[in-house]
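Take a look at the structure below.
If you're wondering where the values come from, they're calculated on a predicted model, not measured in any experiment.
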Amino acid sequence: MTFHVYDTTLRDGAQQEGMNLSVADKLAIAPLLDELGVGFIEGGWPGAVPKDTEFFRRAAKELNLKNAVLAAFGATRKAGTRAARDPQVRALVDSDAPVVALVAKSDLRHAERALRTTGEENLAMIADTVSFLVREGRRVVVDAEHFFDGYRFDAAYTRSAVLAAFEAGAEVVALCDTNGGMIPDWVTEIVSEVREHTGDAILGIHAHNDSGCAVANSLAAVGAGATHVQGTVNGYGERTGNADLLAIVANLELKLGRELLADGGLREATRIAHAVSELTNITPYGRQPYVGASAFAHKAGLHASAIKVDPDLYQHIDPTLVGNDMRMLISDMAGRASIELKGRELGFDLTGQGDVLARVTNRVKDSEARGYTYDAADASFELLLREEIDGQLPSYFRIESWRTIVETRPEAGGAEHVDGVVATAEATVKLHTGSERIVSTGEGNGPVNALDHALRQALVRVYPELEEFELIDFKVRILDQSHGTDAVTRVLIETTDGTTSWSTVGVGPNLIEAAWEALTSSTVYGLIHAGVAPAEPTKVCRRPFSLARYPARRPPSRVRVRVRA
Ligand SMILES: CC(=O)SCCNC(=O)CCNC(=O)[C@H](O)C(C)(C)COP(=O)(O)OP(=O)(O)OC[C@H]1O[C@@H](n2cnc3c(N)ncnc32)[C@H](O)[C@@H]1OP(=O)(O)O
Ligand SMILES: CC(=O)C(=O)O
């Protein structure tokens, strides 16, 4: 039996609030959907949306799909006309898409109130439009809009709309939960009843997620005999979205043993979900089933202790089946098993090293109680772990002292008026690297920016890899709001070297001190992962970049370098 996986990311997904796909975006997303292995890609509504007309024009020339066929979406002809003369229907033919999906009213109330026509004329609109498109050589999918709500109001009418479509030559009728309010039991009951009237004809399901049941409703419809499922990557769509096609397919393939996607595409699901997010410019949802970054992330120590024995004990599937990975999150809920597994993930075999595991576990719990958070700062956790493993933390530099000042002065040529005042910051960092003592001064638009400049200036000559590092995110959180300006501050920063990114954390009673800890940790982590050898012999160094604890150990003998940013 053929089973259709029908993707409508580029049409119904694009109806999501805040999404605005260009033709180029659509042309870039379509090959990803094809790689995933779906059978149909609904590209948009040519004739109604100019960008979609252009998409179909360019797709015919530029796309070379190997698994999917393109579907153009449109509506049945207007009441009282002929399909052949309806410009909207004509545009569907002109799109040259081999498949046309027609939205058709199947709820009598909609025919009468939204289309302001009769139920009979609506059936004629369906039959006429479908048969015209079939005569034009198109495969036709009819999206029976508001089917489930309509069925609960007048089952006989909705069935007659479905039968009119099949009798006119539609290949599929997709039953739509347009308002997204169904629950699985209702869907099972209704699809089963419709099946009794439609024999072997292909029924589909198109579900929206307003009741939070879109994926469950799609599975219920398949259970009741639907063999065509529609959905969108990442569940994009109007209001609360469409059914998440990735979750539907993963459930059908992995739980019910169906083979739906071409070329084993499910193993690419996570990569493709994230690539589509990049193109839609919508931040991936971490807790998305199957493909989210947190979908197989374990935080609780008890889970980790069982996972150490067998990952299946706390996971519903092997994450690699959808191209995802198991991750251990380190926090105050971690136990020694969590640390051991996280260590393994980071490339450290801690088997049998009970003392290291106990020390790291205790340090994590203690630090988290003081405001650190390691599940959001993997890089800081790795540095902590390295500190506790002999010989694993290279000493790139030793901070002697740092300071920063913020100054306000009248803007050049400005007045003394408050609007004419600018604030600038300057920072001085004194540090030792190799056998050198470096004093570096940096300027910036704020104290953290000035410190960042001063630190880089100090080190970049010795470690030119730092040129590639860029701070891309900076988050500040006040942890004890009852203390006002005395509160403990946590800073999380994200740094990139252009290829990967990493997060570090700093905590202190002072925002700048917390930021400095996160900055220096980020520098050390980046240098380790760039494979840089320290300028002085590697030695175990307990907190070489440790903040709040770096009084100058010995008065400097002389200044070697003075740099001004
Ligand atoms: C459930 C869904 O998500 S369906 C997909 C919806 N997607 C979109 O609406 C995106 C693209 N839409 C558009 O560009 C525009 O809305 C258009 C071009 C389709 C229509 O715009 P306009 O021509 O300005 O029409 P207007 O907004 O005034 O009214 C809609 C018309 O479509 C008719 N219509 C509404 N639903 C349907 C339907 N399911 N089938 C056929 N005709 C319909 C209405 O009766 C009305 O017809 P009228 O002009 O004879 O009164
Ligand atoms: C066709 C469609 O998108 C719907 O009814 O929801």
Identify whether the distance between the nearest side-chain nitrogen and carboxylate oxygen of E54 and K51 falls below 4.0 Å. no

Can you tell me if T404 uses its side chain to pair, donor with acceptor, with the backbone of E426 under 3.5 Å? yes

Go through the steps for W516 and N510 under the test side-chain contact (heavy atoms from CB on, under 4.5 Å), then give the verdict. CA-CA 10 Å; W516 174 247; N510 170 319; over 6 Å; no

Within a reach of under 6.0 Å around CZ of R58, are more than 12 heavy atoms found that belong to other residues, nucleotides or ligands? yes

Any donor and acceptor pair, going by atom type alone, linking the side chain of E42 with main-chain N or O of T8 inside 3.5 Å? no

Gap separating the CD atom of Q392 from the CD atom of E382, nearest 0.5 angstrom: 9.0 Å

Looking only at side-chain N and O atoms, does E443 offer a donor or acceptor that is under 3.5 Å from a partner on H453? no

Shortest non-hydrogen contact from M328 to A304? SD-CB, 4.0 Å

If you count every heavy atom of other residues, nucleotides or ligands that lies below 6.0 Å from K475 atom NZ, does the total exceed 12? no

Do other residues, nucleotides or ligands put more than 12 heavy atoms under 6.0 Å from E407 CD? yes

Any heavy-atom pair between the side chains of N251 and L256 that's under 4.5 Å? no

Determine the interplanar angle of the Y314 and H303 rings, folded into 0 to 90°, and report it as parallel if under 30°, tilted if 30 to 60°, perpendicular if over 60°. parallel

Over all heavy atoms of both residues, which pair between A297 and A293 is shortest? Give the atoms and the distance, please. CB-O, 4.2 Å

What I'd like to find out is whether the side chain of S503 reaches to under 4.5 Å of the side chain of Y374, using heavy atoms alone. no

Between E387 and R359, does at least one N-O distance fall below 4.0 Å, as a salt bridge requires? no

When you look at CD of E62, are more than 12 heavy atoms from neighbouring residues, nucleotides or ligands closer to it than 6.0 Å? yes

If you define the side chain from C-beta out and look only at heavy atoms, does anything of L471 sit under 4.5 Å from E494? no

Test side-chain contact (heavy atoms from CB on, under 4.5 Å) on D12 and Y236 and set out the steps. CA-CA 8 Å; D12 219 357; Y236 297 140; over 6 Å; no

What is the distance from atom CG of L459 to atom CD of E465, rounded to the nearest 0.5 Å? 11.0 Å

To the closest 0.5 Å, what do you measure between CG (D452) and CD (E470)? 10.0 Å

Nearest-0.5 Å distance that lies between atom CG in L329 and atom CE in M333: 10.0 Å

Can a salt bridge be assigned to the pair K299 and D375 using a cut-off of 4.0 Å between side-chain N and carboxylate O? yes

Partner of H298 under side-chain hydrogen bond (donor to acceptor under 3.5 Å, both in side chains), picked from R327, Q315, K342, is Q315

Might you confirm whether atom CD of E345 has over 12 heavy atoms from other residues, nucleotides or ligands at distances under 6.0 Å? yes

Donor-acceptor pair, distance only, cut-off 3.5 Å: does the side chain of K308 make one with the backbone of E340? no

When you measure from the side chain of S440 to the backbone N and O of A454, does any donor-acceptor pair fall under 3.5 Å? yes

Name of the residue among V5, L261, D263 meeting side chain to side chain contact (heavy atoms under 4.5 Å, CB included) with L36: L261

Under 3.5 Å donor-acceptor, D25 side chain and S22 backbone: yes

Keeping the roles fixed (side chain from R258, backbone from F3), state whether a donor-acceptor pair exists under 3.5 Å. no

In terms of side-chain geometry, is the basic nitrogen of E436 or R461 positioned less than 4.0 Å from the acidic oxygen of its partner? yes

Aromatic ring proximity Y290/H316, centre distance under 6.0 Å: yes

Which pair of non-hydrogen atoms, one from V462 and one from I438, has the smallest distance, and what is that distance? CG2-CD1, 4.5 Å

Quick check: does any side chain N or O of E468 sit under 3.5 Å from a backbone N or O of G498, one acting as donor and the other as acceptor? no

May I ask you to check whether over 12 heavy atoms, not counting those of N64, lie within 6.0 Å of atom CG? no

For R456, does the CZ atom have more than 12 heavy-atom neighbours from other residues, nucleotides or ligands under 6.0 Å away? yes

Could you tell me if the side chain of L321 sits less than 4.5 Å from the side chain of R267, heavy atoms only? yes

Are the side chain of S501 and the backbone of D497 linked by a donor-acceptor contact shorter than 3.5 Å? no

Verify, without hydrogens or angle tests, whether H529 (side chain) and Y525 (backbone) share a donor-acceptor contact under 3.5 angstrom. no

Test ring-ring contact (aromatic ring centres under 6.0 Å, His included) on H4 and F40; report intermediate values, then the result. CA-CA 8 Å; H4 295 169; F40 299 81; 4.9 Å; yes

Could you go through the side-chain contact (heavy atoms from CB on, under 4.5 Å) check for E35 and R271 one step at a time? CA-CA 11 Å; E35 234 185 292; R271 176 180 63 79; 2.4 Å; yes

Is there a side-chain contact between I528 and P394, using heavy atoms and a 4.5 Å cut-off? yes

Before giving the answer on side-chain contact (heavy atoms from CB on, under 4.5 Å), spell out for K66 and D34 the whole-Å C-alpha distance, their side-chain angles and the decisive distance to 0.1 Å. CA-CA 7 Å; K66 65 179 185 348; D34 187 49; 3.7 Å; yes

For A518 and T504, work out which heavy atoms get closest and say how close. O-OG1, 2.8 Å

Report yes if the side chains of L10 and F55 come closer than 4.5 Å at any heavy-atom pair, otherwise no. yes

Separation of T361 OG1 from I339 CD1 (nearest 0.5 Å): 4.5 Å

With rounding to the nearest 0.5 Å, note down the distance linking CG in L519 to CZ in F474. 7.5 Å

At their closest point, which heavy atom of V532 faces which heavy atom of Y396, and how far apart are they? O-OH, 2.8 Å

Taking every heavy atom of L70 against every heavy atom of A59, the minimum-distance pair comes out as CD1-CB, 3.6 Å

Examine distances only and state if a side-chain atom of N324 and a backbone atom of T320 form a donor-acceptor pair shorter than 3.5 Å. no

Do the charged groups of R11 and D52 touch, with an N to O distance under 4.0 Å? no

I'd like to check R477 versus T373 (side-chain heavy atoms, cut-off strictly below 4.5 Å). Are they in contact? no

Side chains of F469 and W502: closer than 4.5 Å at any heavy-atom pair? yes

